[in-house]
Structures are given as structure tokens and as C-alpha cells.
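Take a look at the structure below.
Scope of the values below: all heavy atoms of this structure, side chains included, with no hydrogens, waters or symmetry mates. Start at 1 with the first residue, then count along the sequence.
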Amino acid sequence: MFKNYFLVAVRTLRRNLGYTTLNVVGLALGITCSLLLFLVIRHELSYDTFHGKADRIYRINVDKISAHGPENNAGTPFPMLALLKASLPELTPATHLFNEEGGTFMVLSLNDKEAPRKFREEKNVLFVEPEFFDLFDFPTDGVNGKQALKDLNTVLLTKTIADKYFPGENPVGRVLRMNNQVNLKVTGVIPDAPENTDLPYQMLIDYESSRKINTFANDSWNSTYSNQQIYFALSPGANLKQAEDRLNEVAAKYRPRSPGEQERYTFQPLTQVHFDERYGNFKGRTISKTTLWAMALIGMFLVLVASINFVNLATAQALRRAKEVGMRKVLGASKPQLMTQFLLETGMITLTALSLSVVLTELLLPPLSNLLELQLAFSILHDPLLLLFLAVLLVAVTFFAGFYPAMVISGFQPISALKSKTATARAAGLSLRRTLVVLQFTVCQVLIICTIIVHNQMEYFRSASLGFDKEAIVNIPLPAGKAKDLMVLRPQLEAHPAIKATSFAIAPPSANIDMNTSFRYDEFSVERNFSVNMKMADEHYLKTFNIPLLAGRMYEKSDTMREFLVNETFLRQVGETNPQAAVGKDLVINGNQNQGKIVGVVKDFHLTSLRDKIQPVVMSTFTDIYLFLNVKLEQKNTKAALAHLQNVYQSAYPDDVFHYEFFDDSIARFYEGEQRQAYLFKVFSVIAILIGCLGLYGLVAFMVAQRTKEVGVRKVLGASSASIVGLFCKDFAQLVLIAFVIAGPISYYFMEQWLQDFTYRINIGYWVFLAACVLTLIIALTTVSVQALRAAFSNPVKALKTE
């Protein structure tokens with residue numbers, strides 16, 4: 001029996017090749033998208049779940065509420081770990097993690113008799129304590145990590161870095177010189193860090209060595225540095241809330257709160273670090289779970305839209321099979337047997353589409369991985385979860401797409417079917433099919449509207465004024481603590497005619513380097529209930545970045561903090577309304593360690609992305625922590641200017657590697673996640689529209705078949721081809737407009753929520769919805785017109801000859 005079902009299904013599908021092809025293509029597109037999204041979502045949800053203690057590991061964050069608003073940071077004061085180990089033994093093992101990156105540049109050279117080979121590592125250089133290996137289960141291939149890093153100035157290399165620095169050699173026992181400051185002995189080689197971790201590393205260095213190269217390292221409770229973090233494991237049976245309260249109680253003795261300030265240390269589960277952009281992570285990339293569920297929903301809807309196409313095409317095809325069904329029933333076939341036959345046909349189409357989608361996934365996965373900067377694995381035979389997903393997808397699509405058409409077709413009355421008098425309007429479920437088309441185009445219009453809004457927000461990012469000049473400026477990272485070596489060569493730097501200005505600073509105006517501290521303003525009154533962001537820069541900073549000075553003057557040249565500039569937000573927060581009034585006032589920062597007078601007020605500029613509010617800023621000089629040389633260039637001759645900069649740089653730092661980045665490129669990185677979302681929205685919108693057009697083709701095919709004689713009569717009575725096309729287009733225009741009424745509020749709600757993440761954002765104008773509606777109408781009516789024209793130009797005699 002099953003063999004007969006199979007043979008009949010194969011013959012039917014071959015005989016209706018066009019129908020089969022449309023269904024296979026539509027389903028394959030939907031399944032491919034859902035499969036790719038499944039791989040992405042599964043990868044994102046797997047971050048740091050492979051550690052044995054993953055359910056007990058936490059990171060210490062700090063949440064502060066001040067006059068400036070909420071502030072969130074994953075950084076902790078340097079003395080906190082010692083306090084934690086002494087006062088909270090239930091939070092063990094615990095370790096500092098210090099990530100040396102964020103613009104700081106690391107140069108490593110081989111300390112041997114040969115000419116030094118120089119390498120530059122921009123990120124993923126992690127300083128850890130031996131307890132790191134008690135806490136985390138990263139692969140070590142038998143290397144005893146605790147023993148390898150128990151001594152000062154020791155380093156573990158990953159296999160990739162070991163092969164890079166010591167090709168074909170055993171690096172154990174060799175010595176690396178870091179930043180030309182500290183020698184590190186290689187004590188082992190370990191596997192590369194897994195892709196799905198928010199603690200990536202290329203090398204692991206003993207934590208105490210970080211104090212030799214970390215300019216910010218100190219024993220003060222008044223300052224935090226976001227790249228200095230603490231992780232711990234909660235002992236079994238310990239109460240997390242009580243431990244958190246106890247830490248805040250003890251820490252308050254060393255870090256007193258200012259009046260009106262609310263600050264609390266919180267414990268964040270390791271498995272949630274990847275999904276919380278408030279605090280960030282060493283990976284430098286987060287994704288909200290809301291975004292993941294939105295991706296899952298998109299994948300489900302694309303499969304749903306493709307399945308709706310199948311229903312539309314199958315029921316349109318039903319009229320052609322009415323006599324076949326009638327004959328089968330006369331010969332004794334039961335309704336369950338006929339339903340089995342048609343479900344088998346659906347299963348074969350779905351299986352073919354699934355096979356095609358596997359091929360498409362293999363082809364599309366590499367470019368998708370490059371776009372998202374992920375290492376996505378796709379191996380059906382070695383991935384039980386993927387096999388289960390495909391099996392569930394096969395069964396679900398077969399049942400959802402095939403059950404209703406099978407029920408409709410098997411329900412034909414044999415006598416009516418054999419006489420070609422099947423009640424087609426009822427049998428084909430026209431009202432239901434129209435409802436499905438409305439659902440299809442609702443999904444399409446939601447995606448189109450979201451795509452337009454995301455694109456406009458990205459354009460706003462590119463065009464919005466940031467309060468400074470970013471064009472034709474290069475940022476050159478400097479060795480930590482060695483800016484003076486290059487500052488004395490400033491006349492040589494500026495000797496080239498294509499170099500307009502130079503400035504040394506801790507960072508350019510917008511960067512992921514934050515240095516926050518408490519302060520006292522005006523006659524050393526009590527500390528305010530908010531901290532300020534310190535921007536250490538030389539006296540040429542405002543000129544280089546074209547930052548306007550509103551009152552007073554630029555501070556004078558100095559190696560240490562003596563005079564200060566503040567921004568407009570600072571003035572508002574301390575209650576000043578006139579910029580000139582702040583000039584000459586006293587300012588004390590960094591726990592009474594530095595004091596001076598405010599000599600000027602600068603116009604507000606953005607310190608980070610447009611997601612965040614502008615923070616209160618205090619600017620001053622401090623040569624020891626300048627990490628960047630910022631150079632304003634003439635755009636016509638940048639190549640020669642960069643070559644000149646490299647020559648001067650190498651004369652100051654002969655043991656280092658010259659590197660530069662254009663400032664506008666570094667700012668663009670703030671929005672890489674949104675750029676990827678915008679691109680994916682565009683792709684999914686196109687696919688949804690394509691699938692929707694296939695569905696329209698099926699519905700119009702049904703309507704043309706149903707109304708063949710009506711069209712013939714209208715033509716005999718003198719109707720024009722245009723009026724007949726308009727007859728069909730009118731119905732579908734109504735469906736698109738109904739879909740728009742549903743899609744508009746849905747898309748507005750979700751995009752309004754998305755835009756809430758940005759302090760500076762676009763307003764959603766009515767034209768966005770109008771454009772989406774018009775675009776969908778044009779696409780839909782074009783698709784309908786192709787089929788309607790065939791009916792309009794057909795010979796009416798053929799339609800009426802059976803009457």
C-alpha cells in the first residue's frame with residue numbers, strides 16, 4: 001500500500017512540475033532562514049555554559065544612581081578581592097581578571113641572541129591569578145595552569161600564538177618582553193580559547209605582572225577601571241543575597257557614599273554576562289535575549305509564510321484533481337487513505353525542500369559567519385540536536401502545510417467531482433486563504449517597516465554631530481607610560497605639510513576607555529552624588545578635534561593635573577547656569593589627591609555611542625597616562641603623512657610596532673551590532689516578500705481557475721483587459737491594506753522599544769509606514785497582474801465552450 005502511495009505521489013509531482021517547484025523553492029527559502037537562525041541562536045545561548053561550575057560562577061558589578069542618572073560598570077576597585085577573600089570565604093574560588101586592551105597596545109619581542117621579532121596584540125591578553133583554573137574549565141591539554149602561573153612574570157600561550165611567535169619550536173622556557181617593560185617566561189602552551197566564551201584570551205599572564213604595565217593600577221577605593229573585574233564561585237549551600245548584602249556592608253567602610261548617592265555591588269551570573277550590554281564583557285560583543293527571541297520569531301514566521309504558500313498552491317491545485325479524487329472514491333478509497341496520499345506528497349515536497357535548504361545553508365553559512373563574526377558549526381551527522389531540529393521541522397511543516405489541503409481534497413463528493421461540479425468556493429476555503437495572505441503580508445510589512453527604521457537610525461548615527469571633528473584624524477596607540485618619548489618630537493611630527501595638528505591624550509573624545517572618579521567642587525564642599533569622566537589630554541586637544549570652548553581658556557602645558565576644563569553637563573549637574581561663573585572655581589578629584597582651578601568650559605561632546613547620555617567631563621593634563629597620539633591630516637596627502645608619522649614614531653620607540661586607525665572607523669565600531677541587524681532585516685524582508693509573492697501567485701492561480709467562465713462572459717460582453725486585471729487587483733489591494741492596518745501598530749510598538757536603547761534617536765514618521773504600504777502594494781499588484789493578464793488575454797470561446 002505504501003509503495004503505491006509513493007509511486008502515485010512521485011507521478012503526481014512530476015506531472016505538476018511547476019506547482020512542485022514553487023512549493024519546494026518557497027519552503028526551502030523559509031527552512032533555510034530558520035535553520036541559519038537556529039544555528040546563530042544556539043551559538044549565542046551556549047556562551048560559557050561549558051564550565052562545570054557555570055551555575056555557581058558570578059561577576060561583581062556595581063550599580064550607581066546619582067544626579068546624573070543610573071551608572072553601570074563591571075569594574076571593581078583594585079583592593080576589593082583581598083577584602084572579599086578575608087570577609088566572605090563562601091565566595092571562593094575568586095580571581096581578578098585584567099584585560100589589557102581598549103586601545104592600549106602590546107608589543108612582544110623575543111628575548112634571545114637573534115634580532116628581536118616584534119608582534120602586536122591589540123586584544124585578548126588576559127592577566128589572571130592561579131585560582132582562574134579552579135574557577136573555569138578552559139581546555140589546557142594537561143598543562144597545570146595553577147602551577148604554570150604561580151610565579152611572577154610567567155605566561156601561558158595559546159597554540160595559535162605559540163605557532164605565530166615560535167614556528168616549529170618549543171616555546172616553553174623562552175622569554176617574551178612585553179611593552180619593553182617586563183620579561184615574561186613561557187611556562188606552557190594551551191589550546192585556543194573556545195569561541196563561545198566572553199573571556200577570550202590569546203595568552204594568560206600572571207596577575208601581579210599587570211601592575212607593571214597597567215597605568216591605572218592602584219590601591220585606592222575611589223576609582224574603578226572597567227577592564228579590572230572579579231569573578232567568583234558561590235559555595236554550595238551559601239545564600240547569594242546574604243553574601244551580596246554582606247559585601248556591600250563591608251565595602252561601605254572603605255568606599256563611603258556621598259550624600260544622595262546610591263551605590264550597590266551586585267552579583268551577575270556568568271551565563272548572563274553575554275546578554276547584558278549595560279556592563280559589557282571582554283568579548284566586546286553582547287546580544288540581548290529579546291533580540292534572540294525576535295530572531296526565533298522571524299525564523300518561525302518565515303517558515304509559516306512558506307507553509308501558507310503551500311496551502312494556497314495546494315488548494316488552487318485541488319480543482320485539477322477533483323476527478324482523480326472522485327474516481328478513487330468510486331473505486332473504494334476512503335477519506336483517511338486519500339489524506340495519507342496527499343500528506344505523503346506534502347512530506348516528499350517538504351523533504352526535498354529540507355534537502356535543498358541543507359545545501360543552501362552550507363553555502364550561506366560562511367558569509368553569515370563572517371558578517372556576524374562568529375564561528376558557526378554545521379555538521380548534521382555529528383550534531384544530534386541539529387538532527388532533532390530538522391526532524392521536528394520536517395514533521396511540523398508537513399502536518400501544518402499538508403493537513404488542510406489533504407482534508408479539503410479528500411472531502412470532495414465523488415459524483416460532483418466526476419461531473420466537474422465541485423463547490424469550489426467552499427472546497428477551496430477562499431476566506432481562509434485570503435486570511436492567510438493577509439498574515440503573509442502582515443509579516444512582510446512588519447519586516448519592511450523595521451528595515452526602514454533601522455536603516456534611518458544608522459544614517460542618523462553617521463550624520464549626527466558628535467560635538468567634535470572626526471574626519472581625517474588618525475589615532476596612534478602609544479606604549480603605556482611612554483608618551484613623553486614622542487612628545488619631545490612634536491616639532492618633527494608637525495614638520496610635514498599634510499599634518500595640521502597633533503595631540504596626546506588618554507583617548508580620543510569618543511572611546512571605550514572610561515576613567516571615572518569622585519570630586520569636590522567650589523571651596524572643597526562635600527562630594528557630589530555623581531562621578532565625573534576624566535579626559536586626560538594635552539593643551540592641543542581642543543584644536544585637534546575642533547571642540548568649542550564656551551568660556552575661559554585652555555589649560556596650560558603641564559605634566560601633571562594643575563588646571564581643569566569642564567563640560568556643559570558638569571555645569572548643569574552642579575547647578576551652574578552661566579559657563580563663565582564656573583571659571584576660577586576650585587576642583588578636587590580622585591579622593592583629594594589632585595586639586596586645581598577650573599580655567600575653562602567646553603561645549604558638550606559625546607564620549608561613547610549615541611545610546612548613552614553625555615556624561616559630566618573633567619579635562620586636565622597628566623602625561624603619564626597618555627595612551628594615544630591623535631593627528632589631524634590633510635585629506636589630499638594622507639599616505640605621505642602616515643609614512644612620516646611612522647618614521648618619527650619608530651625613532652622614539654625603536655622596539656615597538658607602529659599602528660594607526662582612522663577615528664571615524666573606530667566610531668563606526670560602536671554600531672557594528674546595529675549594522676548587522678540592519679543587514680539581516682533587509683535580507684529577511686526580501687525573502688519574506690519573495691515567499692509572499694509565490695503565495696500570491698498561488699491564490700491568483702486559484703481565482704483565475706475559479707472565475708474562468710466569469711472572465712469569458714465579461715469579455716464577450718465587452719469588458720476590456722484592463723478592467724479584468726483591475727477586477728483581480730482590487731481584491732488583493734484590499735488584502736494588502738488590511739495587512740497594513742495590522743502591521744503598522746505592531747511594527748511601531750517593537751521599533752519604539754528598540755529605539756529606547758538610544759538616548760539620541762530618530763522620530764518615527766508617518767512616511768515610513770506609507771512607504772512600506774506603497775512598496776508592498778506595488779510588489780503585490782505586480783505579482784497579481786502577471787496572472788491576471790493571462791486570464792484577460794485568454795480566448796473566451798475556450799472558457800465558454802463547455803456551456
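- In this structure, Phe622 has its ring center at least 6.0 angstrom away from the ring center of Tyr626.
- Ring centroids of Phe127 and Tyr207 are separated by 6.0 Å or more, keeping the two rings apart.
- Each of Val617, Val532, Asn533 was evaluated against Phe570; a single residue qualifies, Val532, per the side-chain contact (heavy atoms from CB on, under 4.5 Å) test.
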Please assess Val155 against Ile205 for the test side chain to side chain contact (heavy atoms under 4.5 Å, CB included), listing each intermediate value before the final yes or no.
-> CA-CA 4 Å; Val155 58; Ile205 305 173; 3.7 Å; yes
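- There is no side-chain donor-acceptor pair under 3.5 Å between Asp612 and Thr759.
- Put simply, the side chain of Gln202 does not reach to within 4.5 Å of the side chain of Thr160, judged on heavy atoms.
- Between Phe564 and Gly596, the closest heavy-atom pair is CE1-N, 3.3 Å.
- Using the six-membered ring where Trp is involved, Phe758 and Trp754 have ring planes that are perpendicular, over 60° apart on the 30 and 60° scheme.
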Side chain to side chain contact (heavy atoms under 4.5 Å, CB included) between Phe38 and Leu385, worked out | CA-CA 11 Å; Phe38 168 79; Leu385 185 59; 4.1 Å; yes
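- Here the shortest heavy-atom pairing between Ala54 and Leu270 reads O-CB, 4.4 Å.
- Open room surrounds NZ on Lys159; 12 or fewer heavy atoms of other groups in view lie less than 6.0 Å from it.
- A donor-acceptor contact under 3.5 angstrom links the side chains of His274 and Glu44, judged on distance only.
- In summary, the side chains of Ser209 and Asp206 do present a donor paired with an acceptor at a separation below 3.5 Å, with no hydrogens or angles considered.
- In summary, of the residues considered (Ile60, Leu88, Thr95), a side-chain contact (heavy atoms from CB on, under 4.5 Å) with Phe232 occurs for Ile60 alone.
- A side-chain donor-acceptor contact under 3.5 Å links Asp63 and Tyr279.
- At distances below 3.5 Å, at least one donor-acceptor pair connects side-chain atoms of Glu129 with backbone N or O atoms of His96.
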So Leu39 and Phe378, side chain to side chain contact (heavy atoms under 4.5 Å, CB included) or not? Walk me through it.
-> CA-CA 8 Å; Leu39 295 173; Phe378 182 66; 3.7 Å; yes
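- Of the N and O atoms on the side chains of Asn61 and Gln268, at least one donor lies less than 3.5 Å from an acceptor on the other residue.
- The closest side-chain heavy-atom distance from Thr92 to Ser235 is below 4.5 Å.
- A heavy-atom distance below 4.5 Å is not found between the side chains of Leu376 and Leu36.
- The existence of a salt bridge linking Asp665 and Arg669 is excluded, since no basic side-chain nitrogen approaches an acidic carboxylate oxygen closer than 4.0 Å.
- For the 3.5 Å distance criterion, the side chains of Ser288 and Thr291 qualify, holding a donor opposite an acceptor.
- Under 4.0 Å is where a charged nitrogen must lie from a carboxylate oxygen, and between Asp48 and Lys283 no such pair does.
- Of all heavy-atom pairs between Pro139 and Ile190, the closest is O-CB, 4.2 Å.
- Minimum heavy-atom separation, Phe267 to Glu244: N-OE1, 3.1 Å.
- Between Phe50 and Phe138, the ring planes are perpendicular. Angles over 60° get that label, and only those under 30° would be called parallel.
- With Thr76 contributing its side chain and Gln229 its backbone, the two residues share no donor-acceptor pair below 3.5 Å.
- Arg246 and Glu249 are joined by a salt bridge, as a carboxylate oxygen and a charged side-chain nitrogen come within less than 4.0 angstrom of each other.
- Within the 6.0 Å centre-distance limit, the rings of Phe119 and Tyr165 are counted as a close aromatic pair.
- Ile287 is listed as a side-chain neighbour of Phe275, based on a closest heavy-atom distance under 4.5 Å.
- No side-chain donor-acceptor contact under 3.5 Å links Asp137 and His51.
- The shortest heavy-atom contact between Ala94 and Glu131 is O-CB, 3.5 Å.
- A salt bridge links Arg174 with Glu169: at least one charged nitrogen is closer than 4.0 Å to a carboxylate oxygen.
- Nearest heavy-atom pair, Ala148 versus Leu156, reported as atom, atom and distance to 0.1 Å: CB-CD2, 3.7 Å.
- Within 6.0 Å of the NZ atom in Lys185, the count of heavy atoms belonging to other residues, nucleotides or ligands does not exceed 12.
- With salt bridges taken as basic N to acidic carboxylate O contacts below 4.0 Å, none links Asp276 and Arg59.
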